[in-house]
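What you are looking at is a predicted structure, and each value in this text was computed from that prediction instead of being measured. Note on naming: letters A, B, ... go to the chains in the order of the sequence lines (proteins, then strands), and numbering restarts at 1 for each one.
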There are 2 protein chains.
Amino acid sequence: MLNVSSDVQRQFAVHPTFTARCGIDGMEGLVGRTSFVRRKVKCREHLFHAGQPRRSLFLVHAGTFKISMVTADGREKVAGFRYAGELLGLDALDIPSYACDVVALEDAEVWELPCSELTEERFEFVRWITSTLASEVRRDWNWMLTLGTLNAEQRVTAFLLDLAARMASMGFSERRFLLRMTRADIGSFLAIKLETVTRALSRLQTRGMISVRGRSIDLLDAARMRASLESEDRAGQVRMPRRRAAGGLPFTSTGRSVTALQAAA
Amino acid sequence: MLNVSSDVQRQFAVHPTFTARCGIDGMEGLVGRTSFVRRKVKCREHLFHAGQPRRSLFLVHAGTFKISMVTADGREKVAGFRYAGELLGLDALDIPSYACDVVALEDAEVWELPCSELTEERFEFVRWITSTLASEVRRDWNWMLTLGTLNAEQRVTAFLLDLAARMASMGFSERRFLLRMTRADIGSFLAIKLETVTRALSRLQTRGMISVRGRSIDLLDAARMRASLESEDRAGQVRMPRRRAAGGLPFTSTGRSVTALQAAA
DNA sequence: CGCTTCGTTGACCCCGTTCAACACAAGTGG
DNA sequence: CCACTTGTGTTGAACGGGGTCAACGAAGCG
């Protein structure tokens with residue numbers, strides 16, 4: 001059950017001085033003078049399992065990873081997805097074992113950063129880790145907000161827009177991209193069923209906002225998608241809020257406060 | 001809108017060497033040689049607002065705080081509650097302004113830790129912050145798992161058990177305690193409506209698992225409450241899983257894997 | 001070629017939302 | 001003192017979004 005990261009191809013070990021540019025929240029910090037190991041992980045292989053001893057962090061260099069946990073009664077729940085430039089294993093920094101499962105959704109490469117490098121001499125490295133953790137907390141809160149206030153179709157919309165933003169930050173097209181995860185994975189992450197994900201995608205396509213062909217997604221009207229997130233909460237009931245002052249305030253939201261999307265990106 | 005932390009009573013400033021025992025994940029770390037300021041915050045007062053410049057972290061010394069965010073269309077979403085021994089403001093460590101609102105739900109006291117203390121010379125302090133952030137990420141993931149897999153009544157049950165565990169860790173009774181937050185706050189956090197919270201509490205009381213009188217809660221059968229979390233997901237439909245092996249497996253869950261509760265505590 | 005995994009769509013129905021009414025306590029001002 | 005307001009909590013009735021179940025098609029693979 002735990003003999004996993006052994007089947008990950010261990011590649012040439014290097015101990016150079018490398019500079020990692022990380023697009024996380026504008027922090028382009030250097031991870032100075034840190035020895036690391038490159039690893040290739042093939043599609044569907046686990047990078048690590050919950051319960052395995054935590055010895056390293058992993059910087060995603062290429063590919064897509066799925067983070068998942070297991071409920072008390074054995075079902076899987078997806079906690080997130082990670083792309084190039086993001087870190088894996090951070091959540092277990094203060095405990096001896098990893099707390100989640102991480103599996104590659106396509107052939108991928110990671111840079112393994114031994115936790116032994118997290119010393120006083122590598123203060124800038126530690127600082128970078130801390131910053132990344134803080135932004136991770138904000139991202140999680142934003143998703144909790146998204147899942148707690150939006151209906152199924154809006155959640156899928158938010159998911160696609162978030163993905164598009166990540167694609168853009170990685171230099172890929174933000175209009176046309178491939179979903180590397182199944183509908184079940186998306187549904188698990190968004191706390192809806194896979195049939196609901198399918199139905200939401202179909203409806204968005206019917207409305208001309210996206211084009212879906214299997215896992216290939218084409219965003220046809222991102223502006224309208226973003227607009228659809230800013231009103232009509234759970235169930236489109238609105239029901240005219242019982243006359244309020246005069247004029248009945250229109251729905252042209254003067255977008256104050258951060259939308260879940262911007263912050264999650 | 002932002003002239004808030006000014007109405008917080010600034011108390012005698014001290015610059016001693018203090019040792020904070022923090023019950024977070026068994027880490028009883030010292031926050032060595034750090035200057036801090038004690039502040040009292042009265043019920044309903046904000047400790048800080050989203051958007052305010054972030055200059056300090058806050059260690060809750062006494063009282064209860066509510067963390068909330070604002071959706072794109074102006075509604076509030078509760079992101080969590082914090083009690084004695086926990087930190088506030090961590091999520092904004094890598095950005096110049098606080099990212100959420102924090103308000104006291106009862107008269108409280110915090111220790112203000114200036115972020116300027118987060119230097120290389122205070123490496124142990126930084127390390128403690130990092131560890132706390134990691135456990136915060138895990139806690140958030142566990143709540144996402146809870147909200148994504150349990151129905152309304154189970155969420156309320158999980159909330160009460162989590163609260164009981166926190167009370168116990170603070171030396172209070174884990175059987176009888178007061179809710180410092182409204183039904184609306186609980187519902188916002190659990191992604192259900194306040195009426196649903198009320199109904200769930202009433203039903204738990206009817207079943208003899210708890211006793212409710214306003215905000216006073218009495219856990220009468222915590223064991224049965226814990227057991228109720230380990231099966232019957234969303235909507236009690238079960239529908240007899242089409243005959244499985246022999247014997248129709250009883251509901252005496254052999255609690256393998258971590259329950260959301262244990263991890264969230 | 002089966003075999004498995006994945007995706008789509010339709011029909012039915014239940015849990016939680018919505019709306020409404022009411023109870024209760026705490027201020028507040030006359 | 002009462003009247004009034006505001007915030008909070010409880011409960012009932014009705015509705016609908018999304019879950020459940022089922023059937024089918026498509027794609028990948030040994």
Side-chain angles (χ1 to χ4, degrees), chain A residues 42-44 66 75-76 78 103 105-107 147-157 178-188 190-206 210-217 232-243, chain B residues 43-44 66 75-76 78 103 105-106 147-157 178-206 210-217 228 232-243:
Chain A
K42 280 189 292 192
C43 187
R44 290 162 189 279
K66 176 179 76 173
R75 287 167 302 145
E76 179 196 49
V78 174
V103 57
L105 296 181
E106 60 181 317
D107 291 353
L147 302 186
T149 58
L150 302 184
N151 64 27
E153 192 171 321
Q154 290 173 311
R155 294 183 201 187
V156 173
T157 299
L178 282 180
L179 302 175
R180 315 305 313 211
M181 66 293 292
T182 68
R183 304 289 194 261
D185 287 335
I186 298 173
S188 176
L190 296 179
I192 53 182
K193 293 299 161 187
L194 67 94
E195 297 94 329
T196 308
V197 175
T198 289
R199 272 186 259 267
L201 290 173
S202 299
R203 214 171 313 146
L204 290 174
Q205 185 174 39
T206 301
I210 66 174
S211 171
V212 191
R213 218 170 41 248
R215 297 196 178 179
S216 174
I217 299 290
E232 307 165 29
D233 53 336
R234 252 174 209 291
Q237 51 282 80
V238 184
R239 286 181 208 279
M240 275 308 99
R242 198 188 299 279
R243 202 173 312 108
Chain B
C43 187
R44 290 161 190 275
K66 176 178 76 172
R75 287 169 300 146
E76 180 195 51
V78 173
V103 57
L105 296 181
E106 59 181 317
L147 302 186
T149 59
L150 302 183
N151 64 29
E153 192 170 324
Q154 289 173 312
R155 295 184 200 187
V156 173
T157 300
L178 282 180
L179 302 175
R180 315 305 313 214
M181 67 293 290
T182 67
R183 305 288 195 260
D185 288 334
I186 298 173
S188 176
F189 178 61
L190 297 179
I192 53 181
K193 295 298 160 189
L194 68 94
E195 296 94 330
T196 308
V197 174
T198 290
R199 273 185 259 267
L201 289 173
S202 298
R203 213 171 314 144
L204 291 174
Q205 185 173 40
T206 301
I210 67 175
S211 170
V212 192
R213 220 172 37 252
R215 298 196 178 179
S216 173
I217 299 291
S228 75
E232 305 165 29
D233 53 337
R234 247 176 211 296
Q237 50 280 77
V238 184
R239 288 182 206 277
M240 276 308 99
R242 197 187 302 279
R243 202 172 310 107

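- Within the 3.5 Å criterion, the main-chain N or O of B:Leu194 finds no donor-acceptor partner in the side chain of B:Arg183.
- Nearest to the side-chain atoms of B:Ser202 among the listed nucleotides D:dT11, C:dC6, D:dT20 stands D:dT11.
- Separating the CG atom of B:Leu204 from the P atom of D:dT10 is a distance of 12 Å, rounded to the nearest angstrom.
- Formation of a donor-acceptor pair under 3.5 Å by the A:Arg180 side chain with backbone atoms of A:Leu105 is not found in this model.
- Here the C1' atom of nucleotide D:dT8 and the CZ atom of B:Arg213 are 17 Å apart, to the nearest Å.
- Dense packing is recorded around CZ of B:Arg215, with more than 12 heavy atoms of other residues, nucleotides or ligands lying under 6.0 Å away.
- In the set D:dG18, C:dC6, D:dT10, the nucleotide with an atom closest to the side chain of A:Ala152 is D:dG18.
- Regarding A:Asn151, its CG atom lies at a distance of 11 Å from the P atom of D:dG19, rounded to whole Å.
- Rounding to whole angstrom units, CZ of residue A:Arg199 and C1' of D:dC21 are separated by 11 Å.
- Following rounding to the nearest Å, A:Leu194 (CG) and D:dC21 (P) show an atom-to-atom distance of 13 Å.
- Between A:Arg203 atom CZ and C:dT9 atom P there is a gap of 11 Å when expressed in whole angstrom units.
- Distances shorter than 4.0 Å separate some side-chain N or O of B:Thr196 from OP1 or OP2 on C:dT17.
- Under 4.0 angstrom from either OP1 or OP2 of C:dT9 there lies no side-chain N or O belonging to A:Thr198.
- Evaluation of atom-type donor-acceptor distances gives a pair under 3.5 Å for the side chain of A:Glu195 against the base of D:dC21.
- Separating the CG atom of A:Leu105 from the C1' atom of D:dG28 is a distance of 17 Å, rounded to the nearest angstrom.
- Under a 3.5 Å cut-off, the side chain of A:Ser188 and the backbone N or O of A:Ala184 do not form any donor-acceptor pair.
- Protein atom CE of A:Met181 is 15 Å distant from nucleotide atom C1' of C:dG7, rounded to whole Å.
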